[in-house]
**Student:** 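Sharing a structure, written as structure tokens. Questions coming.
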Amino acid sequence: MSTLTTAPPVRTPAPARPDAGFRPEVEGLRAVAVLLVAVYHIWFNRVSGGVDVFLFLTGFFITGSLTRSVERTGSVRATHFLSRLAHRLLPTAAVVMAGTLAAAYLWLPASRWPAVFDETAASLLYYENWALAAKAVDYLARDGAPSPLQHFWSLSIQGQFYLLWLVLVAFAAVLVRTRGVRLREAVLLLCAMVFAVSLTYSVVTTGTRQAWAYFDTGARLWELALGGVFALALPYLRLPRAVRVPLGWFGLAALLSCGALLEVSTLFPGAVALWPVGAAACVVLAGSTGLPFAADRLLTWRPVMRLGAWSYALYLWHWPILVVYLHRTGRETATLAGGAAVLAAALVLAAATTWLVEGRVNAFMKRRKGRSWSLATAAVFAVPLLVVTLGAQYVYAQRHGPDWKELAADRGAYPGAAVLTDPALAAGLEEAPFLPPLDDVLDLPVIYAEGCDAGLDGTEATPCSYGDPDAEHTVAIVGGSRIAHWFPAFHDAALDAGWRLVSITKSGCQFSTETPRNDEAEEAASCVEWNEQVVGILDELRPDLVVTLSSRAFLTGENTYPGFADRWRMLDEWGVGVLALRDLPRLEEPLPECVERESVAACTTPVGLSRSAADPAGEYADVPPNVTFGDLVEYVCPDGTCPAVTGNVLTFRDHSHLTATYSATLAPYVGDLVREVTGW
């Protein structure tokens with residue numbers, strides 16, 4: 001069916017509409033917005049608010065277009081609308097994605113290819129924002145390297161908006177015929193309702209789960225809805241030029257200052273995002289004054305308008321080029337010259353893509369009218385790319401399966417930490433490809449796959465038991481991910497010694513009485529609730545020994561926490577022993593990326609980068625007698641340095657967590673430490 005509603009045209013009297021037709025100052029506004037996005041990304045590693053301008057303008061133009069379609073034809077003509085969007089948007093996006101896939105193959109490490117494959121499919125199918133939202137609240141994924149396609153999140157939101165707005169305007173058309181209201185009034189009312197509901201949801205969600213809200217369509221929809229409100233109200237907002245001139249400059253100044261004055265990436269998309277959206281609205285309201293000293297004179301300058309015409313392609317190209325540049329140079333932000341090269345390359349590719357793809361496609365479509373041709377043109381670009389991406393995912397999965405784990409079980413070839421205590425073994429060890437391989441480096445303890453970890457925002461404490469349930473001794477390992485990465489060592493030690501091991505962990509949460517210092521209020525609250533449940537579980541379990549952390553190491557220093565000691569005193573009252581492990585060092589960057597870019601030998605980190613010279617456990621006052629402090633760093637970072645590979649085994653899976661394979665090789669030393677502490 002080609003339309004959502006079919007009826008005679010809806011005749012609605014309306015004033016002359018400046019929302020219809022080409023608006024040159026808006027083309028210039030696009031240019032400013034995309035430059036802000038690129039400049040802040042390239043040189044400042046910050047977010048500018050420019051994307052919010054694009055969302056506002058999308059709502060502005062799409063609402064006006066759909067409303068005029070209903071006024072002319074009586075329906076939104078869904079297939080006509082979507083086919084036109086497809087042939088305008090998909091070819092350029094597909095070309096950039098294909099170029100990004102090629103660049104990833106040539107210049108990015110193999111460990112990042114699966115993510116690029118996944119996000120290519122997510123971007124093509126317009127759900128990239130949800131994929132990134134899931135990663136943003138996944139503690140195990142949030143420290144990963146930036147994806148060269150993650151900027152497609154905003155386009156995914158816009159794609160979902162197109163579908164929602166088809167339904168909204170079609171419903172408004174129904175109200176016109178059934179309730180006798182004017183079409184523009186109905187659409188305006190519905191847009192205002194969406195704006196109010198979405199903004200309220202956005203403010204609440206940003207305050208509790210900002211990382212999720214940043215990519216959440218529901219939390220962003222108000223920006224597009226406000227554009228729709230503005231499109232319908234603009235014909236009635238007739239301001240004198242004496243007001244519009246300062247309004248235009250005010251809007252432009254507000255937009256330029258937004259990224260510099262606000263930490264957009266951690267504050268948006270709540271009410272603070274009204275800043276860039278309001279700035280864009282001011283520029284649109286100011287319109288074209290024709291005066292030489294007005295802001296629109298700058299925005300309608302030919303070079304600026306040319307850049308505005310390239311803005312879509314420039315937005316798409318700048319980010320993958322930047323990601324490749326940063327990876328190849330090992331930098332977090334670009335140098336002045338390097339950033340200029342990135343921007344220049346993005347501009348050249350944007351101009352070429354706009355001319356070759358958009359220009360040629362539009363010229364072709366002028367000769368081939370009809371929805372079928374529009375859809376076919378979009379499909380020619382998008383479908384082969386999707387097939388190639390899905391095929392690459394399948395082939396990659398077949399070639400890089402879990403077979404390496406069988407090799408890693410051979411302790412003769414892959415002894416890991418054992419070479420640190422056995423000189424003869426170290427001397428006779430034959431060199432072999434290290435494991436886990438870099439293309440399967442997310443080598444996690446089984447507790448994650450078995451649902452034993454509460455996750456970043458989960459509240460339920462889940463005890464998972466391993467070994468003999470009737471064993472004489474029970475050890476409980478309790479805390480966050482930096483105690484969980486010890487699980488393979490304790491697991492194998494427990495099996496060897498005949499102990500029972502109970503794991504109770506939650507990513508990003510420590511076994512403590514203190515509320516975490518966390519920007520995400522919901523995550524902090526979930527940690528408090530999880531801790532309360534853990535106390536109840538341990539009270540019922542009454543293990544012989546609880547293993548937890550005594551400190552936390554960061555690149556800014558190593559810290560102790562009074563809340564840790566509070567939990568130790570509680571366990572002392574129950575007669576439960578505590579082994580408080582000193583936190584392992586952190587690396588300067590994720591180890592797999594360093595190894596792929598440099599070499600195994602080059603990727604070493606001094607222990608002193610993140611740990612104090614002396615054990616900070618001495619800072620604790622009134623340590624109860626049930627506590628023994630332990631430090632196993634010598635088996636991970638011998639002689640004050642953390643190597644990338646020990647005994648043919650990769651040590652860290654990122655910048656702060658052991659690979660499960662290496663952790664398992666630490667079982668003998670963990671077993672010795674437990675026996676030393678308990679006398680078992």
Side-chain angles (χ1 to χ4, degrees), residues 34 37-38 41 47 50-55 58-59 62 82 85-86 88-104 108 112-138 140-165 202 205 209-221 223-224 264-265 268-269 311-324 346 353 378-379 381-390 392-393 396:
V34 77
V37 171
H41 279 164
V47 182
V51 169
D52 302 270
V53 175
F54 288 124
L55 295 179
T58 296
I62 293 300
L82 293 175
L85 281 174
R88 284 177 48 214
L89 301 177
L90 278 175
T92 298
V95 167
V96 174
M97 288 184 220
T100 302
L101 282 173
L108 292 184
R112 293 172 66 173
W113 294 353
V116 175
F117 296 151
D118 291 344
E119 294 195 23
T120 301
S123 299
L124 272 172
L125 300 176
Y126 286 87
Y127 66 89
E128 170 71 346
N129 63 311
W130 297 117
L132 291 177
K135 287 185 178 181
V137 297
D138 182 351
L140 302 174
R142 62 165 44 177
D143 290 331
S147 162
L149 292 168
Q150 68 183 36
H151 61 316
F152 274 83
W153 69 267
S154 63
L155 302 182
S156 295
I157 287 178
Q158 291 177 60
Q160 295 156 29
F161 162 79
Y162 299 143
L163 297 178
L164 288 170
W165 242 235
S202 182
T205 310
R209 300 180 72 199
Q210 190 272 336
W212 174 274
Y214 195 87
F215 302 107
D216 186 346
T217 303
R220 291 280 186 175
L221 199 56
E223 300 180 64
L224 297 120
V264 175
S265 62
F268 280 35
S311 60
Y312 177 52
L314 179 57
Y315 175 79
L316 295 182
W317 274 120
H318 87 281
W319 182 253
I321 295 172
L322 176 63
V323 167
V324 170
T353 305
F381 285 87
V383 173
L385 180 62
L386 184 60
V387 170
V388 168
T389 301
L390 296 177
Q393 285 179 309
Y396 193 88

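This is a predicted model, so every value here is computed, not measured.
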**Student:** Within a strict 4.5 Å, meaning less than it, do heavy atoms of the Val116 and Pro148 side chains meet?
**Tutor:**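 Touching, per the 4.5 Å side-chain cut-off.
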
**Student:** Once you round to the nearest 0.5 Å, how far does OG1 of Thr353 lie from CG of Leu316?
**Tutor:**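 Here the rounded value is 8.5 Å.
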
**Student:** Please check if the side chain of Ser202 supplies one atom and the backbone of Pro269 the other of a donor-acceptor pair under 3.5 Å.
**Tutor:**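 Yes.
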
**Student:** For Tyr127 versus Ala121, what's the shortest heavy-atom pair and its separation?
**Tutor:**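 Closest pair (atom of Tyr127, atom of Ala121, distance): CE2-O, 4.1 Å.
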
**Student:** How about Phe161 and Leu55: do any of their side-chain heavy atoms sit closer than 4.5 Å?
**Tutor:**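 In short, these two side chains do not touch, never coming nearer than 4.5 Å.
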
**Student:** With sequence neighbours left out, what residues match Trp317 under ring-ring contact (aromatic ring centres under 6.0 Å, His included)?
**Tutor:**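 Expected list: none.
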
**Student:** Can you tell me how far the CG atom of Leu132 sits from the CH2 atom of Trp212, to the nearest 0.5 Å?
**Tutor:**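 Result: 11.0 Å between the selected atoms.
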
**Student:** Could you walk me through whether Ile62 and Leu224 pass the side-chain contact (heavy atoms from CB on, under 4.5 Å) check?
**Tutor:** CA-CA 9 Å; Ile62 293 300; Leu224 297 120; over 6 Å; no

**Student:** Measuring only between side-chain heavy atoms, which start at C-beta, is Asn129 closer than 4.5 Å to Tyr214?
**Tutor:**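 No, every pair of side-chain atoms sits at 4.5 Å or beyond.
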
**Student:** Find the distance between OG1 (Thr92) and CE (Met97) and round it off to the nearest 0.5 Å.
**Tutor:**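 Going from the OG1 atom of Thr92 to the CE atom of Met97 covers 10.5 Å.
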
**Student:** Taking C-beta and beyond as the side chain, do Tyr312 and Leu155 meet within less than 4.5 Å on heavy atoms?
**Tutor:**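 Yes - at least one pair of side-chain heavy atoms lies under 4.5 Å apart.
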
**Student:** Yes or no on side-chain contact (heavy atoms from CB on, under 4.5 Å) for Val37 and Val53, after CA distance, side-chain angles and deciding distance?
**Tutor:** CA-CA 10 Å; Val37 171; Val53 175; over 6 Å; no

**Student:** Should the pair Trp153 and Phe215 be assigned to parallel (<30°), tilted (30 to 60°) or perpendicular (>60°) ring geometry?
**Tutor:**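 Taking Phe215 first and then Trp153, their aromatic rings stand perpendicular (interplane angle over 60°).
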
**Student:** Which atom pair, heavy atoms only, marks the closest approach of Trp319 to Ser147?
**Tutor:**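 Closest pair (atom of Trp319, atom of Ser147, distance): NE1-O, 2.7 Å.
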
**Student:** Check whether any side-chain N or O of Tyr162 sits under 3.5 Å from a backbone N or O of Leu82 as a donor-acceptor pair, and report yes or no.
**Tutor:**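 Pair absent, no side-chain N/O of Tyr162 close to backbone of Leu82.
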
**Student:** If I take atom CG from residue Leu124 and atom CD from residue Glu119, how far apart are they, to the nearest 0.5 angstrom?
**Tutor:**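 Answer for the CG-CD pair, Leu124 versus Glu119, is 12.0 Å.
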
**Student:** Return yes if some donor-acceptor pair links the side-chain N/O of Gln160 with the main-chain N/O of Tyr126 below 3.5 Å, else return no.
**Tutor:**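 Side chain of Gln160 to backbone of Tyr126, a donor-acceptor pair under 3.5 Å: yes, one is there.
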
**Student:** Search all heavy atoms of Ala219 against all heavy atoms of Ala213 and return the closest pair with its distance.
**Tutor:**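 The pair with the smallest heavy-atom distance is CB-O, 3.6 Å.
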
**Student:** Which heavy atom of Val34 sits nearest a heavy atom of Ser311, and at what distance?
**Tutor:**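 That closest heavy-atom pairing would be CG2-O, 3.5 Å.
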
**Student:** Please name the pair of heavy atoms, one in Ala378 and one in Ala86, separated by the smallest distance, quoted to 0.1 Å.
**Tutor:**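 So the minimum-distance heavy-atom pair works out to CB-O, 3.5 Å.
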
**Student:** Checking the side chain of Gln210 only, and the main-chain atoms of Phe268 only, is there a donor and an acceptor separated by less than 3.5 Å?
**Tutor:**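 Confirmed, Gln210 side chain pairs with Phe268 backbone.
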
**Student:** Between Val323 and Arg112, is any pair of side-chain heavy atoms under 4.5 Å apart?
**Tutor:**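 Yes, at least one pair of side-chain atoms sits under 4.5 Å.
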
**Student:** Check whether any side-chain N or O of Trp130 sits under 3.5 Å from a backbone N or O of Ala122 as a donor-acceptor pair, and report yes or no.
**Tutor:**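 No; zero donor-acceptor contacts below 3.5 Å.
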
**Student:** Is the shortest heavy-atom distance from the side chain of Thr100 to the side chain of Thr120 under 4.5 Å?
**Tutor:**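 Not in contact.
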
**Student:** Classify the ring geometry between His318 and His151 as parallel (under 30°), tilted (30 to 60°) or perpendicular (over 60°).
**Tutor:**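 Perpendicular, since the angle between the ring planes exceeds 60°.
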
**Student:** Suppose the criterion is salt bridge (Lys or Arg N to Asp or Glu O under 4.0 Å): which pairs have a residue in residues 211-221, not counting sequence neighbours?
**Tutor:**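 Sorted pair list: Asp52-Arg220, Arg220-Glu223.
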
**Student:** Roughly how far, to the nearest 0.5 Å, is CG of Leu385 from CG of Leu101?
**Tutor:**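 Separation between the atoms: 6.0 Å.
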
